[in-house]
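Residue numbering restarts at 1 for every chain, and letters A, B, ... go by the order of the sequence lines. Please read all numbers here as calculations on a predicted model, not as lab measurements.
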Amino acid sequence: MNVFRLVAFAILIAVTLCITYWASRRTSTTTDYWAAGRRVSATQNGFAIAGDLMSAATFLGFTGMIFLVGFDGWVAPVASVLAFLLILLLFAERMRNAGQFTIADVLSFRLRAKPVRAMTASASLLIVTIYLIAQLVGAGVLIRALTGLAFAPAVIVTGTAMLVYVIFGGMLATTWVQITKAVLLLCAGFALTIGILAQVGWNPINLFDRAAAAHPLELGYLTPGASGRTPMNTISIALAFIVGTAALPHILMRFFTVPDAGTARRSGAWALGITGTFFFLTSIIGFGARALLGSEGEKAAGPGGNLAAPLLAEHLGGGPDTLGGDLFMAFVSAVAFATILAVVAGLVLSASGAAAHDLWANVIRRGQVSERQQTRVARLSAGAIGLLAVLVTLAAGPDFNVAFLVGLALSVAASANFPALVLALSWRGFTTAGAVIGIAVGLLSSATLIALSPVVWPGGPEAAPYPLDYPTPISIPLGFLACWLGSKLGRQDDGERTFTELTVRAATGLGAEPRVR
Amino acid sequence: MTSPPHGVPADEPVEPDWDAIASSAVFEQLVSSRRRFVVTALLIALGWFAVFLGLVCYAPGVMGVFVYRGLTVGYLFGTSVFVVAGIMTFAYLRLSRRSFSGLEAAARNSGQAAVVDEEPRS
């Protein structure tokens with residue numbers, strides 16, 4: 001077991017527990033618990049949102065992919081930045097103006113609330129729980145790889161920390177843990193970049209040459225195609241990352257934590273700038289890992305090249321078994337650990353929003369609940385969901401295929417949530433039937449196609465009935481189609497409120513949930 | 001939120017006249033100009049990315065052209081996607097500050113004026 005890394009992790013947990021304690025003193029109402037009292041500033045929210053996307057999966061995963069296959073690994077990060085443009089232009093302000101705590105608030109605004117809320121909350125709960133299990137498995141594997149701690153204790157430690165943050169600190173704690181981690185991640189990214197540039201004579205062009213020289217394909221490493229991925233597969237990945245990321249419940253939930261729509265807009269812009277910078281840097285870090293670690297580093301970097309970034313840190317600090325190497329690697333590893341902690345906490349919180357606010361308070365109890373009851377159920381549901389996720393993770397084990405889980409979460413978000421949200425906000429003719437059927441079809445088509453895809457279907461890519469890794473080229477259009485058909489063919493009804501009221505509220509901010517003093 | 005018209009008890013919150021606001025000139029201007037910008041910006045940014053993706057998938061040779069030593073067309077193109085996204089973001093923020101915010105405030109107030117001028121509802 002590496003002492004430096006264990007100490008770094010311990011310091012990190014201590015810091016985040018302090019944040020949680022501070023936040024818990026300021027969290028009592030439901031608005032505090034799910035929306036941090038709507039007092040988060042534009043910059044803070046921007047960092048928190050960026051933090052949600054700069055997870056271990058993206059930081060380690062993207063740099064690892066680029067390390068292994070070069071240019072092809074850059075497509076997903078580039079696509080992810082566009083997701084933020086979609087969020088900024090389509091969702092940020094309108095969500096803040098039209099909702100209270102969750103996506104279901106907005107979607108069910110002028111439709112019949114019960115069925116729409118139930119459907120939306122169930123889809124969101126599914127997306128978030130799948131993502132959560134994927135992150136927890138990843139956490140266990142990463143901690144085991146970096147510290148020597150076994151999988152099960154690693155998962156339990158992560159799960160316990162995550163539950164403490166969410167149950168006691170609510171949105172305020174998870175926001176500040178995200179901000180801390182985002183800042184640390186940016187620092188780590190810049191530190192790695194500067195280290196790499198220093199090694200190649202401060203000329204990025206040298207980096208390309210050296211990276212290519214360290215790969216069997218040589219110059220082919222710098223051009224598309226080194227991964228052997230088919231065109232349709234590349235398109236399906238791009239669709240999943242652009243459309244799916246734009247509809248992730250735990251990211252959209254953060255737009256309710258700011259005082260008003262203008263702040264929501266600016267925070268979206270901040271998030272785009274921060275993630276854009278960071279995902280641009282992943283190209284330098286990925287190429288740098290290739291240039292400096294070479295093909296000899298591939299085995300140590302593990303599947304998907306996930307450990308390329310920490311190993312690169314070790315190399316830049318002076319190499320294995322040097323003080324500098326140990327320290328730099330400990331720092332980058334701790335940051336990777338922080339990203340997991342922050343993201344899983346945010347996921348559990350948004351799951352509790354779907355379970356306690358949407359399903360329990362509004363669908364089951366029809367809104368007849370007190371503040372205290374709702375807050376208590378919020379904390380209870382967070383605990384229950386977190387515990388369940390940890391147990392499933394322990395049962396699944398470290399070798400569980402998390403790639404398909406993340407793909408499933410993104411695809412369901414892209415095919416079920418995104419079409420319904422866009423149409424609810426923009427199309428007068430969208431009805432309750434359209435929403436329910438649209439979300440259901442989006443969900444079912446994603447899940448079915450993934451089950452039929454090479455990622456799940458045994459026997460390899462040739463045997464699988466559905467040839468692509470992501471169902472998005474089919475499931476997203478199906479989702480939109482189902483929303484449209486359901487609206488045209490189903491019962492023509494409205495909820496209590498009208499589309500006119502929704503558009504006025506969403507566009508002007510009139511009647512929006514106020515900031516809490 | 002909105003001040004009650006004469007005859008209505010002061011503590012009773014008055015629902016804004018959504019239809020009146022929606023049909024006001026400021027609101028229509030707000031919605032149409034914002035929609036115009038969003039559609040244009042998304043067409044440009046997503047369109048540019050679609051070209052990037054299309055070339056990566058179906059013309060990798062073009063992306064593989066070396067501009068200067070190890071620097072490829074593909075890498076420049078990818079960088080440009082970030083730049084385009086950033087430009088659209090700045091443009092949206094600036095347009096919002098300059099015109100949309102003002103229109104939003106005017107639309108909110110047009111609702112107030114409509115309520116105050118109306119006959120008190122029983």
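- For B:S23, no part lies near chain A; criterion is any non-hydrogen pair under 4.5 Å.
- Of the two parts of A:Y221, neither the backbone nor the side chain holds a non-hydrogen atom closer than 4.5 Å to a non-hydrogen atom of chain B.
- Contacts between B:F37 and chain A at a heavy-atom distance below 4.5 Å involve the side chain alone, from C-beta outward.
- For B:R35, no part lies under 4.5 angstrom from a heavy atom of chain A.
- Counted within 6.0 Å of CZ on B:F90, heavy atoms from surrounding residues, nucleotides or ligands total 12 or fewer; the atom is thus considered open.
- The salt bridge (charged side-chain N to carboxylate O under 4.0 Å, His left out) test applied to A:R265 returns A:E93, not counting sequence neighbours.
- When heavy atoms are compared at a cutoff of 4.5 Å, A:A212 does not approach chain B at all.
- Note that the CG atom of B:L53 and the CG atom of A:L239 stand 8.0 Å from one another [nearest 0.5 Å].
- In this structure, chain A has a heavy atom under 4.5 Å from the side chain of B:V81, while its backbone stays farther away.
- Residue B:I87 holds its CD1 atom at 11.5 Å from CG of A:L85, rounded to the nearest 0.5 Å.
- Distance check: B:M88 CE to A:L82 CG gives 11.0 Å after rounding to the nearest 0.5 Å.
- Between A:F208 and B:Y75, the two ring planes are perpendicular [angle over 60°; tilted spans 30° to 60°].
- Proximity to chain A (any heavy atom under 4.5 Å) is shown, for B:T89, by both the backbone and the side chain.
- Rounded to the nearest 0.5 angstrom, A:T498 OG1 and B:W18 CH2 are separated by 8.5 Å.
- Within the 4.5 angstrom heavy-atom criterion, atoms from both the backbone and the side chain of A:A79 approach chain B.
- Residues A:P224 and B:M63 come closest through the heavy atom pair CG-CB, 3.6 Å.
- Note that the CG atom of B:L93 and the CH2 atom of A:W270 stand 11.0 Å from one another [nearest 0.5 Å].
- With respect to chain B, the highest number of heavy-atom pairs below 4.5 Å among A:L207, A:N233, A:N206, A:D72 belongs to A:N206.
- How far CG of A:L510 is from CD1 of B:I21: 5.0 Å, rounded to the nearest 0.5 Å.
- B:L30 touches chain A through its side chain: at least one heavy atom from C-beta onward sits under 4.5 Å away, while N, CA, C and O do not.
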